[in-house]
Protein chains: 2
Amino acid sequence: MTVRQDVHSAGIPVLCQSCEARHRGVCGALDPDQLVALSKTSSRYTIEPGAELIGDAETVNSYSNVLSGVVKLTKGLSDGRQQIVGLQFAPDFLGRPFKVESEINAEAATAVSLCSFPKASIERMMRESPELEHRLLKQTLKELDEAREWMVTLGRKTASEKVASFLLMIARNIDPATDPATNSTSFDLPLTRADIADFLGLTIETVSRQLTRMRTEGVIRIENNRHVTVESLSRLERRSGA
Amino acid sequence: MTVRQDVHSAGIPVLCQSCEARHRGVCGALDPDQLVALSKTSSRYTIEPGAELIGDAETVNSYSNVLSGVVKLTKGLSDGRQQIVGLQFAPDFLGRPFKVESEINAEAATAVSLCSFPKASIERMMRESPELEHRLLKQTLKELDEAREWMVTLGRKTASEKVASFLLMIARNIDPATDPATNSTSFDLPLTRADIADFLGLTIETVSRQLTRMRTEGVIRIENNRHVTVESLSRLERRSGA
DNA sequence: AGAGGGCTTTGACCGAAATCAAGGCATTGG
DNA sequence: CCAATGCCTTGATTTCGGTCAAAGCCCTCT
């Protein structure tokens with residue numbers, strides 16, 4: 001299980017009874033007693049790539065920690081056009097507190113494992129523990145920041161800057177060891193070309209052409225359509241449009 | 001003073017001592033004693049269009065309620081390209097809790113009046129009153145929703161759909177009486193063409209051409225470059241791409 | 001009133017990305 | 001083993017929106 005290092009790691013890692021993983025997402029906010037109570041109601045799921053998470057009757061009334069894999073959040077237009085509006089990596093928290101009017105879909109981009117809690121127990125715990133709500137606020141602020149960062153990418157960057165920015169973002173999330181010093185890194189793309197296009201507001205063909213260009217110019221290598229090796233992080237950064 | 005009706009109106013309107021306005025933003029979350037304490041430290045500002053709000057030494061350490069006017073939040077690329085990533089209308093709350101790494105600028109788009117509180121008193125009050133943090137979480141979730149809605153617009157809509165969506169959003173925020181039944185509404189644009197372009201990821205010229213087209217097709221009228229009358233809300237909605 | 005400046009409109013042209021159309025390359029299953 | 005399917009790549013062509021350039025409009029200041 002890959003655990004990304006980020007703001008959430010501030011909490012003490014705690015062992016969840018039901019999924020036997022050290023949650024660094026929500027659970028870190030709870031004291032041991034609360035955690036025991038909560039973990040009695042939790043259950044671990046594994047989701048196939050492509051499966052819907054929200055809108056599904058099974059999961060609509062629950063909150064989850066992402067333990068591994070990548071979840072994509074999408075919004076669609078009535079004529080079928082789609083936009084990915086967020087990606088959740090471990091150890092992000094999944095699920096909207098307080099019903100929001102806007103329609104949003106969540107789908108597993110890769111195989112995903114989740115630790116789910118019934119909505120009711122999370123909401124009760126939120127009333128009891130301000131620290132949990134505080135966590136949630138922090139996560140929401142982080143997502144807002146990411147969303148705004150992508151708005152700049154979507155509105156103001158060229159196709160090649162978009163693809164470079166995307167690769168950098170994935171590298172930083174998948175491979176926590178991404179270190180500017182080594183100047184190279186390697187990871188599996190969690191998204192298909194179609195997903196990448198929906199994420200960047202481009203077409204499949206444009207994404208493919210930009211990846212090809214970067215390959216021929218020696219910035220990246222790609223094996224089996226999925227495994228990307230970045231030869232020069234600094235060159236990738238220069239292409240991402242700062 | 002225009003007060004938009006939204007989720008925040010749930011709280012009891014309360015009179016702020018220093019600015020003598022009924023805050024519906026943050027203050028509604030406080031009990032009378034807390035409010036009195038807080039309002040002693042608050043002060044009312046009026047900001048000219050174009051003035052920076054964040055980054056300014058005066059206001060960098062404060063939180064504010066927007067009482068009237070429109071504030072634009074922007075992010076820039078190193079070469080000068082800009083993207084507006086959010087608009088704050090009354091009675092939105094302005095200011096980021098817990099320092100966030102990302103660079104973001106706030107600027108008055110119109111004349112703006114604010115009621116500001118020192119960062120320290122808001123943060124103290126947040127520790128004392130979970131209800132305040134709850135408000136903040138709700139506002140942040142609303143902003144996240146709006147940001148994601150715009151990501152769809154930026155990534156997947158055509159220029160004319162973008163402009164139509166923009167006009168609809170402004171109408172709904174500026175003129176709370178916007179009523180689908182009447183099918184028409186009227187308001188002053190709070191943004192210049194350049195701002196609209198930066199909001200929609202377009203150029204000034206494209207924005208202008210799309211507005212002209214809507215004018216010639218009888219969907220809107222524009223007087224003095226600012227005052228917009230929507231002749232047919234339903235036709236505008238149809239153009240906004242759902 | 002007239003000059004000046006800032007914002008907006010309009011037109012001609014161009015180019016980046018979309019669309020349309022084959023074709024390639026894996027994996028799956030008969 | 002060969003078809004079939006699902007991604008992905010590549011090429012030709014089109015188009016939407018960007019760029020460059022020139023006016024027009026509106027407001028302010030003298």
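First the proteins, then the strands, lettered A, B, ... as listed; each starts at 1.
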>> If you define the side chain from C-beta out and look only at heavy atoms, does anything of B/Val85 sit under 4.5 Å from B/Thr74?
In response: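 No, side chains not in contact.
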> Heavy atoms, side chains only, cut-off 4.5 Å: are A/Val207 and A/Lys162 in contact?
Replying inline: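 No; the side chains remain at least 4.5 Å from each other.
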Strictly under 3.5 Å: I want the nitrogen or oxygen pairs between protein and nucleotides 9-11 of chain D, one per line.
from	atom 1	to	atom 2	distance (Å)
D/dT9	OP1	A/Arg193	NH2	3.3
D/dT9	OP1	A/Arg215	NH2	3.4
D/dT9	OP2	A/Arg193	NE	2.9
D/dT9	OP2	A/Ser208	OG	2.9
D/dT9	O5'	A/Ser208	OG	3.2
D/dT10	OP2	A/Thr212	OG1	2.8
D/dG11	N7	A/Arg209	NH1	2.9
D/dG11	O6	A/Arg209	NH2	3.4

What integer distance in Å separates [X]:[atom1] from [N]:[atom2]?
{"X": "B/Arg81", "N": "C/dA16", "atom1": "CZ", "atom2": "P", "answer": "13 Å"}
{"X": "B/Arg226", "N": "C/dC7", "atom1": "CZ", "atom2": "P", "answer": "11 Å"}
{"X": "B/Arg213", "N": "C/dT10", "atom1": "CZ", "atom2": "P", "answer": "13 Å"}
{"X": "B/Glu223", "N": "D/dC27", "atom1": "CD", "atom2": "P", "answer": "12 Å"}
{"X": "A/Lys162", "N": "C/dA16", "atom1": "NZ", "atom2": "P", "answer": "15 Å"}
{"X": "B/Lys157", "N": "D/dG17", "atom1": "NZ", "atom2": "C1'", "answer": "18 Å"}
{"X": "A/Leu189", "N": "D/dC7", "atom1": "CG", "atom2": "C1'", "answer": "13 Å"}
{"X": "B/His227", "N": "D/dC27", "atom1": "NE2", "atom2": "C1'", "answer": "19 Å"}

Indicate yes or no: does [X] engage [Y] in a salt bridge with an N to O separation below 4.0 Å.
{"X": "B/Glu143", "Y": "B/Arg148", "result": "no"}
{"X": "B/Asp198", "Y": "A/Arg156", "result": "yes"}
{"X": "A/Arg209", "Y": "A/Glu205", "result": "no"}

>> Going by the rule ring pair (Phe, Tyr, Trp, His ring centres under 6.0 Å), which residues pair with B/Phe199 if we only count those two or more places apart in sequence or in a different chain?
In response: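 Applying ring pair (Phe, Tyr, Trp, His ring centres under 6.0 Å) to B/Phe199 gives B/Trp150, B/Phe166.
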Below 3.5 Å between N/O atoms, which protein atoms pair up with nucleotides 1-6 of chain C? Just atom names and distances, please.
none

> Strictly by modelled atom types, are B/Thr140 and A/Thr140 linked by a side-chain donor-acceptor pair under 3.5 Å?
Replying inline: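 No pair is found: no donor N or O on one side chain lies under 3.5 Å from an acceptor on the other.
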> So, B/Ser64 versus B/Ser116: side-chain donor-acceptor pair below 3.5 Å or not?
Replying inline: yes
> If you pin A/Ala194 and B/Gln210 to their nearest nucleotides in DNA chain D, which one's is more 5'?
Replying inline: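 It is A/Ala194, whose closest nucleotide lies nearer the 5' terminus.
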> Any idea which of D/dG17, C/dA17, C/dT19 is nearest the A/Leu202 side chain?
Replying inline: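 Closest nucleotide among those given: C/dA17.
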>> Among A/Asn173, A/Thr229, A/Ile174, exactly one meets side chain to side chain contact (heavy atoms under 4.5 Å, CB included) together with A/Phe187. Which residue is that?
In response: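 Answer to the side chain to side chain contact (heavy atoms under 4.5 Å, CB included) test with A/Phe187 among A/Asn173, A/Thr229, A/Ile174: A/Ile174.
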